[in-house]
Structure formats: C-alpha cells, structure tokens
Amino acid sequence: MSNSTPQTMGQQFGRRSWAEPWKIKMVEPLTMVGRAERQKALVEAGYNTFLLRSEEVYIDLLTDSGTSAMSDRQWAGMMTGDEAYAGSRNYYNLEAAIRNHYGYRYIVPTHQGRGAEHLISQVAIRRGQYVPGNMYFTTTRLHQELAGGVFVDVIVDAAHDPADRSPFKGDVDLAKLERVVREQGAANIAYVSLAATVNMAGGQPVSMGNAKTLREFCGRHGIRLFLDATRLVENAFFIQEREPGYAGKSIAQIAREFCDCTDGAWMSAKKDSLVNIGGWLAVNDWTLFEEIRNLVVVYEGLHTYGGLAGRDMEAMAIGIEESMQDDHVRSRIGQVRYLGELLEDWDIPMVQPVGGHAIFLDARAFYPQLTQDQYPAQTLAAELYLDSGIRSMERGVVSAGRDAVTGGHHYPKLELTRLTIPRRVYTQAHMDVVAESVKAVYDGRAAARGLKMVYEPRYLRFFQARFEPL
Ligand code: P71
C-alpha cells in the first residue's frame, strides 16, 4: 500500500482512536473448561502444553504458526486450486509473488519451514563446517547439525538480556562473526544464517544497517548469507519505525531491500504469509538451485508443488500480498503491544522491548526460587493453563535441548514463556483476559515448586517431553 493511501481514521484526522483494518465474517466458538478439568487435562498432558487437546484450551497462544485467519480473498483463492501434479498455475502465481516481494530468482515450495531448512542444510553445509547465526532456532539448528554443521551464536549480547531495551536486539555482532571466520577460516564457514526477526530472543528485529554490513562482510570473505524470512514482514515494521531514513518507505519496499542483501532465504509461510500450511526455499544461484530442485523431489514432492496442494499455494500467493500491507502489519504488531502495555502497567517481568509476534514472560524473574533444572518456563506455562485455560509455550532450557557433542543440557540465559498472538484471530477483549490471568499467576508466584522431566524424546524434546510436579 502506498503511503499516500489514507490508513486509519486517526491518521486522517489526527484522532487517537484506532481499529483493525478488517471486520469479521465467520466466527468459531471457543470452548471453556472448568478448573477441575484443566487440572486433569494438565496431568494427562504431562504438564506439557504441546500435549493438550485444543478443545481443552480457551485462548490458544501456543504459537502464531499456521494459526492465523485467512481472508475472504484467500478462501476464494482456495477454490481456484489447480490440482495438477506438475506445473499447477497456482505454483506460477506463488513464484511471481515471491519474486515480486522477496526478489529471489529460483524458488521451490516446501510443506513448511523445516522442509526448506532441511534442503538448504543438506545442499549448503559440508560435514564439520561452521554455521554462525543470530541466535539458534530449534528446527533450524537441528537441521544444520543433522547435516554435520556446527552452529555458533553470533548475536549481540543485548539479545540475551530481557531487560535491555536496545532497538535492534536481533543484530549480528560483527566482532563475534569476525572471530569465528578468523579462527575457522572462511572456507570452513558454510554460510551465515540470519533470522529476521529473531524468534528465541523475543521477536527482536535486525536493522537494515546490520544487513548491509553483513552483505559487505560476507561478500569480502566469499561467504554466503542466507535469510530465515519467516517473520521478515514484522522485522520491516521495526525498521520503518526505528531506523533513520525508513519512515517514508513502505513495508514492502523495506522487506525487498532487506532480501536484496542476502543470497537466498527459507520461509515458514505459516507465520507472516497468513496461511495454515506452507513454506518455500529460494536462492539466486543457479547451481545451488539445481541441487535444491533435485533434492526437493526426494523429500517434499515435485519442484512445482513441494508437498502442497495447488489451493495451498494459491492461498500463500495471496497471503504474501496481504502480509506486506502497512495497515495489516501495524494492526498485528499493535495488538501484541497492547497486551505488552497492560502487563507493563502491572510490572510483569518480560522481554523488552516487546517484539513482533509474542510477549515473552521472563520466567526466571517470576520464579527466583527455581533453578533452571526445575524448568521455570515450563512451570509458568502450566500455571497459566491451570489459571485460565490459556495455552502458552516454553522457550527456555527444555527448548534449548542438549549439546550435540557433550550430551549435557544447554542452559540458555533466556528462560521464557511465550504468549504468541495468531494474526487476525483474537480481539482486544481476549488480550484483556490474558493480561488478567498473567497477573493472577504472577501474584501467586511464591507458591510455585517447579517440575521434573520424566520422559525425554531424542529430537526437539520440548514437543513431547513429560513432566511431574516436584
Ligand atoms: C513457532 C514455530 C513453530 C515451532 C517450531 C518448533 C518448535 C515449536 C514451534 C517455526 C519456525 C520459526 C523460524 C524463525 C523456522 C521455523 C520452522 N516456528 N524459522 O514459533 O519460528 O518452520 O514450523 O513451518 O517448520 O511456534 P515450520
């Protein structure tokens, strides 16, 4: 949307009032269960919110992944699905939307983000190579490790401190990156893995300045720079808001400028792109693309569908267009901030500044009586569910998993419980309910005892691990 388009009534008339740029056409009833049933459900789920049935949940803030509401245009697009095995017209629409908005030359669809992570890791990492990145993400790091890579965190220190209010806590620390390159040699760096925004840091953005510096640095050393574009649209909003020189540019212009600093990207379209399933991998280099296109048929499907139905690709193509509209992004991040402001008024400890997709409660500050071996963030997620049926997600020591070499726990500095806001799904009144429940759990914090893990799966343990109260 161009900047000359009138956006909100507030912007037209200088009024304070503000509202979502959509109205609701179809509703889905919520289910609410009583406290005794919640207690029972929690025990049956092994105190793991991933193991609850969604019918036992009142307000579902587990994730913003695949949980957004599609628009009427997207649903109409679903009906135009061309379910051909090869060369579906919806694939070409998707390719055009990605080329237009993200700017990459060669594209394969994948069933979701981790399908794309698998492919890029297999084609771009040689066993023993290093992969520096701006903080780990669970599935991203696992695929890098399964391909024989060694992930190295090179994010700025501020990212590890929930109270630090720096505007771009997703930035790569160039001194850290330089050190890895110097010590290991450029030939032993598979690529730089840049996520925008940084999920595990609290949805924190990367500045355009940092992306341009990385472009220059990687170019100089002959290292490729790949982007995790999963929440790039939200990153673009923060650049527009916070970085000098970008206030007059649209989200779409900023997103494109950011991608132009990189050699390719993987995407979980289940976030920014407003679909319930889908992803893609895109690169500019033809030789690399040939390898990707060859591998995609082994793991996902033919290179013109990559595990998706034609209708899914159409919904994604339309979702990409909608996701880039300034009004939409402002409304989406505005809702997250609204919840953040309610909690801040009550001095609830959380990651600051509030990021793009979620509130990240600081479970260490909630429960100073618990060590990380007693799983404070997992405990907080369980307490929130018990209080009000709100489902959140642990993002602490359970998510961090074990060291691939020593087998010991990773102990991340950040021990967080994430309240993730789906796009276009809940109203401001739901946010009020959430805030009051968080406040009630905070008021009862002294009674928390923590949990012990009684079952631990080998990969991505947080999904299926089971716990019991201490
Ligand atoms: C989120 C998810 C979904 C998820 C994944 C793992 C554990 C728990 C929940 C997925 C992402 C992501 C980024 C930055 C790649 C993926 C994988 N996030 N990069 O936050 O946030 O995409 O789920 O489509 O495979 O709840 P995928």
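We count ligands from 1, going down the list as the structure has it; atoms in each ligand are counted the same way.
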(message) Is there a polar contact, in the sense of an N or O pair closer than 3.5 Å, between Asp64 and ligand 1?
(response) no
(message) Quick test: of every protein heavy atom, which one is nearest to atom 19 (N) of ligand 1, and how far off is it to 0.1 Å?
(response) Asp228 OD2, 2.7 Å
(request) Give the residue and atom name of whichever protein heavy atom lies nearest to atom 9 (C) of ligand 1, and the separation in Å to one decimal. (result) Met393 CE, 3.7 Å
(request) With heavy atoms of Thr63 as the reference, note each atom of ligand 1 found under 4.0 Å away. (result) 1 (C), 26 (O)
(message) Would Trp266 count as being in polar contact with ligand 1, using the rule that some N or O on each side must be under 3.5 angstrom apart?
(response) no
(message) Taking Gly115's backbone N and O only, do any of them form a donor-acceptor pair with Thr110's side chain (distance below 3.5 Å, no angle check)?
(response) no
(message) Taking the ring centre of each residue, are Phe467 and Tyr375 less than 6.0 Å apart?
(response) yes
(request) List the closest protein heavy-atom neighbour of atom 16 (C) of ligand 1: residue, atom name, distance to the nearest 0.1 Å. (result) Phe137 CE2, 3.6 Å
(message) Considering non-hydrogen atoms of the protein only, which is the closest contact for atom 10 (C) of ligand 1, and what is the distance?
(response) Lys271 NZ, 2.8 Å
(request) Take the angle between the ring planes of Phe462 and Phe50 and call it parallel below 30°, perpendicular above 60°, tilted in between. (result) tilted
(request) Determine whether the side chain, the backbone, both or neither of Lys270 has a heavy atom under 4.0 Å from any heavy atom of ligand 1. (result) side chain
(message) Using a 4.0 Å cutoff against the non-hydrogen atoms of Arg114, which atoms of ligand 1 qualify?
(response) 5 (C), 22 (O), 23 (O), 25 (O), 27 (P)
(message) Do Arg461 and Met453 make a side-chain contact, defined as non-hydrogen atoms from C-beta onward lying under 4.5 Å apart?
(response) yes
(message) Please identify which of these residues, Lys271, Arg424, Lys270, Arg231, meets the salt bridge (charged side-chain N to carboxylate O under 4.0 Å, His left out) condition with Asp64.
(response) Arg231
(request) Considering heavy atoms of the protein only, find what lies nearest to atom 22 (O) of ligand 1 and give residue, atom and distance to 0.1 Å. (result) Ser268 CB, 3.3 Å
(request) Please write down residue, atom name and distance for the protein heavy atom closest to atom 17 (C) of ligand 1. (result) Thr139 OG1, 3.5 Å
(message) Give the atom numbers and elements of ligand 1 that come within less than 4.0 Å of a heavy atom of Thr138.
(response) 6 (C), 7 (C)
(message) Just to confirm my output: which protein heavy-atom neighbour is closest to atom 7 (C) of ligand 1, and how far is it?
(response) Phe462 CE1, 3.1 Å
(message) Can you report which non-hydrogen protein atom sits closest to atom 27 (P) of ligand 1, along with the distance?
(response) Gln112 NE2, 3.3 Å
(request) Establish, yes or no, whether the cationic atom of Arg141 lies under 6.0 Å from the six-membered ring centre of Tyr136 and within 45° of the ring axis. (result) yes
(message) Taking salt bridge (charged side-chain N to carboxylate O under 4.0 Å, His left out) as the criterion, tell me which of Asp171, Asp153, Asp157 meets it with Lys176.
(response) Asp157
(message) Taking the basic N atoms (NZ, or NE/NH1/NH2) and the acidic carboxylate oxygens, is any pair closer than 4.0 Å for Arg402 and Glu456?
(response) yes
(message) If you count heavy atoms of other groups shown closer than 6.0 angstrom to CD of Glu83, is the number above 12?
(response) yes
(request) Determine the interplanar angle of the Trp280 and Tyr104 rings, folded into 0 to 90°, and report it as parallel if under 30°, tilted if 30 to 60°, perpendicular if over 60°. (result) tilted
(request) Check whether any heavy atom of Phe463 sits under 4.0 Å from an atom of ligand 1. (result) yes
(request) Could you tell me whether Arg418 approaches ligand 1 through its side chain, its backbone, both or neither, with non-hydrogen atoms closer than 4.0 Å? (result) side chain
